[in-house]
Each structure stands twice: as C-alpha cells, then as structure tokens.
2 protein chains.
Amino acid sequence: MKQETRKEEIVRVAAKLFKEKGYSAVSMRDLASAMGMRAASLYNHINSKQDILKEIIISIAELFTKGMNEILASDRSNIEKLKHIIELHVTISSQNANGMASLNNDWMHLEDQLVYYMELRHNYEDNFRAILKNGIESNEIRGSKPEIMLFSMLSTLRSLYLWIPKKEDLNPKELSATLNEILINGISK
Amino acid sequence: MKQETRKEEIVRVAAKLFKEKGYSAVSMRDLASAMGMRAASLYNHINSKQDILKEIIISIAELFTKGMNEILASDRSNIEKLKHIIELHVTISSQNANGMASLNNDWMHLEDQLVYYMELRHNYEDNFRAILKNGIESNEIRGSKPEIMLFSMLSTLRSLYLWIPKKEDLNPKELSATLNEILINGISK
DNA sequence: CATGCAAACTAACGATTGTTAGTTTTTTAA
DNA sequence: TTAAAAAACTAACAATCGTTAGTTTGCATG
C-alpha cells in the first residue's frame, strides 16, 4: 500500500472541492484551508492552480484511452465490447468520482493541455461510435441511429460520478450488470 | 412576436456565456463586453450577477415542474407518461439549451433560491420515479431496478442541451421518437 | 549535537472581482 | 419643443484572486 505524497493529497482534496463548486469557484485559499495550511504553502508542492486541474483531468482521460485501446485490441463481438466499455466507465467512475466532475465540467479551463484533452476525447468517441456502427452492420445491434445511441449511452456513463457515491452499498459488478441490461439489451435484437 | 426587453437580452446573453465557461468564470465585464456596454450599465437592468443566474435556472425548473404536473394529471398509461416526459425534455432543451447548462452545472451557486430549486428538483425526481415504479407494478415495464432506470434516463435527458445544438437539422419530433425507441422500448416488455 | 532539506510560515504584489455613486447621453411622450 | 424617464457613461470602492519572495520551523541523517 503506497503512501500518497503531499502533492497527491492536494490534488485529491482539490478534486473534491472542484466537484462541489467547480474549478473556478474554488480559490487557492479554499484549498489551503481544506488542507490545513496557508495558500502560499501549496506552492511547495504544486506549480499552479491550472496544474492541479491538469493532473486531475489528463490522468483520467488517459485511463479511458488506455481502456478503450485494450477493448479495441481484444477479439470480441461488438456487443461484448460495449459491455466492457460500460465496465470501464463504472470502474473509473467508482475510483475517481470527484475527478470525473472536473473532467466533465471543467475541461474548458485547461489551457496548455486543452488541445490534447480534446484529441483524446474525440478519439474515444470515434472508437465508441465505430463499435456501434460495426454492431449494426453485423446485425448484433438493432436500430439505425448510432449517433443518438452513442449520445444516450455516453450521457449515462459520464453521469455515473454523480450517482455512484450516493449508493455506497452498491458493488461495481452488480451495477455494471444492471447498466448492461438497460443500455445494451435495450438496443440489441 | 413580443420584443424582448433589455433585461431579457442580458439574461439570454449571460446564459450563453455561462454555458461556455460556467457561471463563476464569467465576469460582469465579460458579460458587459458581450452586450456592447460597460459593466456598471448592466445594473440599470439587473440587480446582481446572482439574480441573472436565478432568472435562468428557476424559470426553466418551473417549466419542468409545470410539464410534469400536466403529465401526472393526464389519464394515460405509465409508458405513455414516460413518452411525454421525454418530449418535455426535448422541447425545453431545444428552446433553452444555454440555460440548461446553468441548471445542470451551476445550480449550487444559487443562494437565496437554492432550497427552492432543490425542492423542485427533488419533487420532479420523485414523480418520475413513481411513474417507473407504477409501470413495473402494472407490468408495463420490465426490470426490477427503477432507481437505476431513473438515473439512466435522467442522465440522457439532462444532457440533451449539449447535443441538440450540434445537430441543427434535427427536428424535435423525430428526436423524441428516436429517444423514445431507445429509452422506452428498451425497458418495456 | 550539527547540518541540510522539506515544508510550513508572513507579507505583500498587481490584477481582477462585483458593485455603487454620481453624471451624461439618448429615447420617449406630452 | 420640452420635460421626464431610461439607459448609457466615468470613476472608484473594498474584497478577493493567484502567485512570489523571503523567512522560519521541524525532522531526518551524519
């Protein structure tokens, strides 16, 4: 069990505050107060407020990219791939619920890394869409509007961070299974 | 065709800016600049920055409450009621796409009206959940997890504001029908 | 006990925040 | 044409913003 560094602790606490009020509404003095120190002391560990946001968002975005690449590389049916995408979102959202808030709502405040983030997100959505289209072509998936399916599934999966922390008794396996039932069986023949 | 007042124009332009960067990151000088005036001049028409947020969010929240009450009062099956809820979201999101961003992401910055807003939202969700539960009891709806169904449907419907403006060629009727197919037929027997 | 470093501190900076007071310009109505 | 009302303006306020400089504290290692 690796001990978390002071910097990691700051980023973790910042993510929690950012979830509650949004990145822009949290001051460095708010964050320092939550850490039990003065604002200036934060700068012994981090470079800037922006840098904290970058740490939060980019690390999670890269988790999604990594997960998607593994799913794409696997030799499974398209329906099976969708099932694994759902599991990917449930897993990441369970472990980074606070950070997911920044990723969803504060990505536009990235500056140097904005283009990089948008590229990751764009590629992720492209890959997701391709799986849906392939599934329709191969008759695994019913329906003719992959764009709306993508939107609907992603909306649910991206909102998991709001909902998971309120159901502490819920285990990820069971949630994945239920979401799979609702999201996948709903569009498959 | 009623001409919009200067105040209404300010609120409309503010909603657009709030969607792009979030309430906290938009300054009164940003808003004034977008209106082609000085920040101090805004105060001839509005009381405070907070007040603009209130106008945006509460008016939309009351549209949802009104729509839900009409659906509850109607004499329809639970499945039909869900279909009308979807239409309600599509209609409101089409006509208030920018405002929906504030409602979803900046409601926590309401101060005086925070309790009122949360009450409206809570009641809305309660009514939505009740329709799902009744539908399950009366065998209209398949499945045993109304809470996850509610979460999934609401996530999609609340995200419509992000997606509708990107598809200008799409008409609300057709979108409602497609969402109905994906969201409702997916969970009905 | 002494040294060095990590991590806290105080104090302050220039910029920006929402907002007010008081004044001038523009539009409306008699 | 003139008076009133609406809507813009300039200037400034106290508060807060992210951040830097320089200093002190506490702990680990020699």
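Chain letters run A, B, ... following the sequence lines, proteins first, then strands; residues in each count from 1. It should be emphasised that the depicted structure is a prediction, and the values quoted were computed from it without experimental measurement.
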Checking dT19(C), dT10(C), dT10(D) against the side chain of Ala39(B) (C-beta onward), the nearest is dT19(C)
Measure the distance from [atom1] on [X] to [atom2] on [N] and round it to the nearest whole Å.
X: Met28(A); N: dA8(C); atom1: CE; atom2: C1'; answer: 15 Å
X: Leu42(B); N: dC9(D); atom1: CG; atom2: C1'; answer: 12 Å
X: Ile10(A); N: dG18(D); atom1: CD1; atom2: C1'; answer: 15 Å
X: Ile46(B); N: dA6(D); atom1: CD1; atom2: C1'; answer: 16 Å
X: Tyr43(A); N: dT10(C); atom1: OH; atom2: C1'; answer: 16 Å
X: Asn47(A); N: dT20(D); atom1: CG; atom2: C1'; answer: 13 Å
X: Lys7(A); N: dA7(C); atom1: NZ; atom2: P; answer: 12 Å
X: Asp30(A); N: dT19(D); atom1: CG; atom2: P; answer: 14 Å

At under 4.0 Å, does any side-chain N or O of [X] touch on OP1 or OP2 of [N]?
X: Ser27(A); N: dC17(D); value: yes
X: Ser41(B); N: dC9(D); value: yes
X: Arg38(B); N: dT10(D); value: yes
X: Arg29(A); N: dT19(D); value: no
X: His45(B); N: dA6(D); value: no

Of Ala40(A) and Ala25(A), whose nearest nucleotide on DNA chain D comes first from the 5' end? Ala25(A)
Please confirm whether any donor atom in the side chain of Asn44(B) sits under 3.5 Å from an acceptor in the base of dA6(D), or the reverse. no
Does Arg158(B) offer a backbone N or O that forms a donor-acceptor pair with the side chain of Asn104(B) under 3.5 Å? yes
Would the distance check show the side chain of Asp106(A) and the main-chain N or O of Tyr23(A) forming a donor-acceptor pair, the cut-off being under 3.5 Å? yes
Side chain to side chain donor-acceptor pair (under 3.5 Å), paired with Thr156(B), selected from Ser159(A), Ser152(A), Ser155(A): Ser152(A)
Centre-to-centre under 6.0 Å for His89(B) and Tyr124(B), is that the case here? yes
Could you give the distance from OG1 (Thr65(B)) to CE (Met68(B)), rounded to the nearest 0.5 Å? 8.5 Å
